[in-house]
There are 2 protein chains.
Amino acid sequence: MDSLQNLKNKVLSYTKVDEKPLDYWLSFYEKIELKKGEALVSAGQVVIHFYYLDVGCIYYYKMQDGGTKVLEFYTEDVFFTDLPSYVKGAPSKYFLRATEDTIVYAIKKTYTEKSYDESHQLERFGRLSMQEAFIKSYSRVERMNNRTNEERYLRLLEKRPGLLQRVPQYLIASYLGLTPVGLSKIRKRLMKV
Amino acid sequence: MDSLQNLKNKVLSYTKVDEKPLDYWLSFYEKIELKKGEALVSAGQVVIHFYYLDVGCIYYYKMQDGGTKVLEFYTEDVFFTDLPSYVKGAPSKYFLRATEDTIVYAIKKTYTEKSYDESHQLERFGRLSMQEAFIKSYSRVERMNNRTNEERYLRLLEKRPGLLQRVPQYLIASYLGLTPVGLSKIRKRLMKV
DNA sequence: TAAACTCATTAAACTAGTTTAATAAAGTTT
DNA sequence: AAACTTTATTAAACTAGTTTAATGAGTTTA
């Protein structure tokens, strides 16, 4: 059962879940190891797993106008998937790709649904983790409208130290809604101060 | 029990909930009538209700740099609250204000928590509604990074027809992350085509 | 070791927004 | 109806980004 302990602790940080249903649910997880540059999900696939990132880094992006548009970076100790595809069972429009050697644990939707059916506590965990994800996403919407790109870049440096060391700058630029040239200009401006 | 039927139907559109726990939960709702321009929530208050908008329109905004920054417009048949304050029990940083005469139904957090404790089905409704809110918020994040303001304005017109008729244009501008002048320029540009 | 890539920076011309201020139009109040 | 207030447009000067293309610096591959 390997390093599911991290995952187990993560669940328990949201709400109390009894040992039995939690271990039952955890028993369905499978370990996936990705090499740097490898894709976990590609556009066109139907996503039927929910993932937990244990070690490494994965970026969530789409291809648009011939370029990659990054939506998110997932690093240690987070849950993620392509939710639109996972929920609707429709082909994904996105990619999930490792920026470095990465270990994730994956569980099939059917097993999670079964576990939620059988455990009210696990269902609550599901609700609370979604709630947290929604609040984070919404605060990002707010910042995108009301902060300058420079402020958002500085905040990223502060909130996710080390990310710029792990991930190429042009992906950071895309995440911030900028071109590589635009981000480079901002960095230059900040140097001078 | 008035027009709780709309609210009831809304819940049932997410998942099956037995009559008994659902009616129990609905029994705690209180009707609130707001006049145009009236605030439902003001910054500094701790938000202890979850709301359902039955009739009218409410905008969710914050004061920043001396101006109003609009995050969202809530119209008929949606759930809403200031979630950060509601979840943490901390003073709100936001306002919720009616742009026209509005009717909302409100339920106290303690009653929802009690109902969720007693009904796994209601807890599931809570999870699924949060999931939906998250997906919507995330697709907005994506559009903010990858679409022009002109595209986002046109999409708003298409997705929420009538909103521009109900709400002053400078609030729409703020919602789109623009100044009133900027939005006016975009509209002028679109006229010419 | 050299060749080939990948990635970040720079420059130059351009564009879509900003700010400030003035004007016009519409809605409210007296 | 007149006066006042609120909202939308326009203009002019400005700014923070864009695009395209060239250069440089590290990495990886042969």
Side-chain angles (χ1 to χ4, degrees), chain A residues 35-39 57 59 61 63-70 73 95 97-101 143-157 162-193, chain B residues 35-39 57 59 61 63-70 73 95 97-101 143-157 162-193:
Chain A
K35 285 283 166 203
K36 177 177 177 172
E38 235 181 301
C57 180
Y59 66 114
Y61 69 101
M63 297 304 296
Q64 191 180 283
D65 313 322
T68 76
K69 306 284 184 175
V70 176
F73 298 103
F95 296 81
R97 188 177 299 275
T99 66
E100 62 189 55
D101 291 358
R143 285 190 300 274
M144 291 173 92
N145 259 350
N146 304 327
R147 298 295 174 188
T148 65
N149 289 319
E150 183 174 310
E151 284 172 319
R152 298 205 300 123
Y153 171 66
L154 288 172
R155 188 177 191 279
L156 185 64
L157 285 188
L163 192 66
L164 203 65
Q165 278 58 257
R166 296 172 87 164
V167 164
Q169 196 171 301
Y170 70 93
L171 292 181
I172 302 278
S174 173
Y175 172 79
L176 293 170
L178 296 168
T179 60
V181 177
L183 179 53
S184 185
K185 277 188 169 188
I186 287 172
R187 284 162 53 83
K188 191 180 181 185
R189 205 160 62 213
L190 290 168
M191 288 295 203
K192 288 181 184 165
V193 183
Chain B
K35 285 284 165 202
K36 176 176 178 175
E38 234 181 301
C57 179
Y59 66 114
Y61 69 100
M63 296 304 297
Q64 191 180 281
D65 313 322
T68 76
K69 306 285 183 174
V70 176
F73 297 104
F95 296 81
R97 188 178 299 275
T99 67
E100 62 190 52
D101 292 357
R143 285 191 300 275
M144 291 175 92
N145 260 349
N146 304 327
R147 298 296 174 187
T148 64
N149 288 320
E150 183 174 311
E151 284 173 318
R152 298 206 298 123
Y153 171 67
L154 287 171
R155 187 177 192 279
L156 184 65
L157 284 188
L163 192 65
L164 203 64
Q165 278 58 258
R166 296 172 86 162
V167 164
Q169 197 171 298
Y170 71 92
L171 292 181
I172 302 276
S174 173
Y175 172 80
L176 292 169
L178 295 168
T179 59
V181 177
L183 179 53
S184 184
K185 276 188 169 189
I186 288 172
R187 284 162 54 84
K188 191 180 180 185
R189 204 161 61 215
L190 290 169
M191 288 297 203
K192 288 183 185 166
V193 184

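Throughout, protein chains are lettered first and strands after them, A, B, ... in sequence-line order, and every chain is numbered starting at 1. What you are looking at is a predicted structure, and each value in this text was computed from that prediction instead of being measured.
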### Query
Between B/Lys36 and B/Asp101, is there a side-chain N and carboxylate O pair less than 4.0 Å apart?
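No, this pair does not count.
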### Message
Tell me the closest heavy-atom pair linking B/Lys35 and B/Ala98, and the distance in Å.
### Response
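Minimum heavy-atom separation between B/Lys35 and B/Ala98: O-CB, 3.8 Å.
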Check this one for me: any side-chain N or O of [X] less than 4.0 Å away from OP1 or OP2 of [N]?
X: B/Arg187; N: D/dA8; answer: no
X: A/Ser184; N: C/dA8; answer: no
X: A/Arg189; N: D/dG17; answer: yes
X: A/Gln169; N: C/dT6; answer: no
X: A/Lys36; N: D/dT27; answer: no
X: A/Asn149; N: D/dA16; answer: no

#### Entry: Derivation of the side-chain contact (heavy atoms from CB on, under 4.5 Å) call for A/Tyr59 and A/Val167
CA-CA 9 Å; A/Tyr59 66 114; A/Val167 164; over 6 Å; no
### B/Tyr61 vs B/Leu171 side-chain heavy atoms within contact, under 4.5 Å
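Result no, sub-4.5 Å side-chain heavy-atom pair not found.
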### Task
Looking only at side-chain atoms of A/Leu178, point me to the closest of C/dT10, D/dT7, D/dG17.
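Side chain of A/Leu178 sits closest to D/dG17.
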### Query
Given that A/Lys185 and B/Val181 both sit by DNA chain D, which one's nearest nucleotide is further toward the 5' end?
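Checking each residue's closest nucleotide, the 5'-ward one belongs to B/Val181.
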